[in-house]
Amino acid sequence: MDEIAYSVNPVVVGLVGGLVGALYFAFLRWQTQVGSLNASLLVGAVCGVAGAMLLTAPLGYCMFGADQKNDDLIVGWIMVALGLLLTLNLGSMLLWRFFRGQRLLPRGDTTPGAFRGRFGALYAAAVLSPTILVLVYFVYLPMFDTLRLSTFLARFGAPRTRFICVSNFSRMLSDLDYHSNLFLSFALSFGIIIITMSLALLIAAMLNQPIKGANIYRTFLIWPYAISPIVAGSIFGLLLGTESGIVNRVLDLVFGVKVPWLVTIPAAQISVVLASVWNVIGFNILFYTAGLQTIPKDLLESASIDGASAWQRFARITFPLLSPFTFFLIVTNTIYAFFDTFGLIFVLTRGGPTESTFTAMYRVYVTGILASDIGKSTAQSLILFLIVVGITIFQFRVGQRRVQYGNY
């Protein structure tokens, strides 16, 4: 039974991928009316088959075996979809460049700084080799090792591992605790991004005014970004401690109350958001301040002469011209909120109280380090990585259309 399943399913997967690729390229050809329909169908089918096999073939199509669970099958088709997204987008880009008579890979122009001569390429490779070696050893090899470990049952201190296909991923489909961690990560990230960017824009607009000592204020406001999240968590731990915290000391002296910042559910989540905002707001202020200084003053003066109010000048001129900076900051703040807040939460709340600050990134640490389940931890880290990559791609596809570059 196993042999029949493994011999049939790869063909079915390839046929499904080829059909999807051919239909997708036919749709693109109908939209653009560029190139030949037969060539589009052929290239689409090839890209579809390649995409369907890209992530499943290295695992021997184990997720489609007869002995696998339904969740494993779902994960398998998700992997097929991810492979199709990659190959179909790359194939369509190269095909339309070919139909339009463009180079498949753009050739860089020769500049005075380029390496020339017979041994130019060799000299360039020698110069770049230290950087390449560092990237391979510290980035690419750990990345592939993470991919490998995510398909194994592996634990700290255990000399043996066992291949379990995609079970580490499929178990997360029915893990309600992990779903709540993901939801919490999205909620906290949304709060951090909105509050950080709103306050940063307000402060940057104030700093852009002709005030005395503006450069000193800018320096002080940017400094918190130089502090690591772990140090920021330690600082806010000293500030927000229930009994010995500086904030509660002041509140007790003035109002006679003490707020349990780190031991109650709403207050702990608010504390994490506030600490994260304080840690990263300097980075946002820096870019918004630079952006405000690039806006031509004659545009604002002309709008003021025409009777536009301060709010109308901001909404119609200032904010649209800041769209490149806003787009960039949304992407960077998203990455910070999902990944870099781990150190802050680790020091400030340890995921508590009652897992109210237990984000998906903190779950990776608990599963991999405290529970010693390396296989499941690496699978969780890959899921989180794919989520952030997906959010970033969505932001590029949707948000970049509204970005205005230099349209003064």
Side-chain angles (χ1 to χ4, degrees), residues 63 68-79 81-82 146-158 161-193 229-230 233 237 260-276 334-391:
M63 66 289 298
Q68 299 298 320
K69 300 178 181 179
N70 291 334
D71 290 344
D72 297 333
L73 185 63
I74 295 174
V75 172
W77 285 114
I78 293 175
M79 295 172 69
L82 291 174
T146 299
L147 292 171
R148 182 187 65 83
L149 285 173
S150 66
T151 61
F152 281 82
L153 179 62
R155 295 186 178 275
F156 268 134
T161 59
R162 183 168 65 88
F163 180 73
I164 56 173
C165 194
V166 294
S167 295
N168 286 324
F169 296 93
S170 60
R171 281 184 290 176
M172 286 185 281
L173 294 178
S174 56
D175 189 348
L176 297 181
D177 290 336
Y178 186 71
H179 297 168
S180 65
N181 298 150
L182 281 178
F183 177 78
L184 178 64
S185 298
F186 277 98
L188 292 180
S189 300
F190 181 77
I192 291 170
I193 293 169
I230 291 180
W261 294 102
L262 305 178
V263 294
T264 57
I265 292 179
Q269 294 170 340
I270 293 173
S271 300
V272 169
V273 172
L274 292 179
S276 302
T334 300
I335 297 172
Y336 171 87
F338 273 93
F339 292 108
D340 291 347
T341 52
F342 162 75
L344 190 147
I345 294 172
F346 177 79
V347 174
L348 194 60
T349 64
R350 296 278 179 166
T354 61
E355 298 191 359
S356 61
T357 57
F358 214 91
T359 61
M361 191 63 208
Y362 195 79
R363 168 74 68 179
V364 172
Y365 161 75
V366 171
T367 304
I369 304 301
L370 300 185
S372 301
D373 193 342
I374 301 301
K376 190 175 181 180
S377 176
T378 54
Q380 291 174 354
S381 65
L382 287 174
I383 292 295
L384 185 59
F385 172 76
L386 290 175
I387 289 174
V388 175
V389 169
I391 293 174

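Atom set for the values below is all heavy atoms of this structure, side chains included, hydrogens, waters and symmetry mates excluded. In this chain, numbering begins with 1 at the start of the sequence shown.
When only modelled atom types and interatomic distance are considered, Thr367 and Asp373 share no side-chain donor-acceptor pair under 3.5 Å.
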One pair to check against ring-ring contact (aromatic ring centres under 6.0 Å, His included): Tyr362 and Tyr365. What are the steps and the verdict? CA-CA 5 Å; Tyr362 195 79; Tyr365 161 75; 5.7 Å; yes
For Asp177 and Phe358, what are the C-alpha separation, side-chain angles and deciding distance, and is it a side chain to side chain contact (heavy atoms under 4.5 Å, CB included)? CA-CA 10 Å; Asp177 290 336; Phe358 214 91; over 6 Å; no
Would Ile383 and Tyr178 count as a side chain to side chain contact (heavy atoms under 4.5 Å, CB included) here? Give the steps. CA-CA 11 Å; Ile383 292 295; Tyr178 186 71; 3.6 Å; yes
Under the side-chain hydrogen bond (donor to acceptor under 3.5 Å, both in side chains) criterion, do Thr349 and Thr357 qualify, and how do the steps go? CA-CA 7 Å; Thr349 64; Thr357 57; 2.7 Å; yes
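Heavy atoms only, all atoms of each residue included: Val347 and Gly233 are closest at CG1-C, 3.8 Å. Smallest separation of non-hydrogen atoms from Ala275 and Leu348: CB-CD2, 4.3 Å. Contact detail for Met172 and His179: the closest heavy-atom pair is O-NE2, 2.9 Å. In plain terms, the two heavy atoms of Ser356 and Pro353 that are nearest each other are OG-O, 2.9 Å.
Contact check for Gln269 versus Leu184: side-chain heavy atoms found under the 4.5 Å cut-off. You'll find the side chain of Ser276 reaches within 4.5 Å of the side chain of Val272, heavy atoms only. At least one side-chain heavy atom of Lys376 sits less than 4.5 Å from a side-chain heavy atom of Asp175. Contact check for Thr341 versus Leu188: no side-chain heavy atoms found under the 4.5 Å cut-off. Counting heavy atoms from C-beta on, the side chains of Val364 and Phe342 never come closer than 4.5 Å. Within the 4.5 Å cutoff, the side chain of Ile335 has no heavy atoms near those of the Asp340 side chain. Proximity of Phe186 to Ile391: side-chain heavy atoms (C-beta onward) are separated by under 4.5 Å at one or more points. No side-chain heavy atom of Thr161 sits less than 4.5 Å from a side-chain heavy atom of Ile374.
Distance check: Ser372 OG to Arg155 CZ gives 7.5 Å after rounding to the nearest 0.5 Å. Rounded to the nearest 0.5 Å, atoms CZ (Arg162) and OG (Ser167) are 8.0 Å apart. To the nearest 0.5 Å, the span separating OG on Ser180 from CZ on Arg363 amounts to 7.0 Å. Note that OG1 of Thr151 is 7.5 Å distant from CG of Leu149, once rounded to the nearest 0.5 Å. In this structure, CE on Met79 lies 12.5 Å from CH2 on Trp77, to the nearest 0.5 angstrom. One finds the OG1 atom of Thr359 at 9.5 Å from the CZ atom of Phe338 (value rounded to the nearest 0.5 Å).
Ser381 places a side-chain N or O within donor-acceptor distance of the main-chain N or O of Thr378, the cut-off being under 3.5 Å. Distance alone, capped at 3.5 Å, is enough to place a donor-acceptor pair between the Asn168 side chain and the Phe152 backbone.
The 12-atom threshold is not exceeded at CZ of Phe385, counting heavy atoms of other residues, nucleotides or ligands nearer than 6.0 Å.
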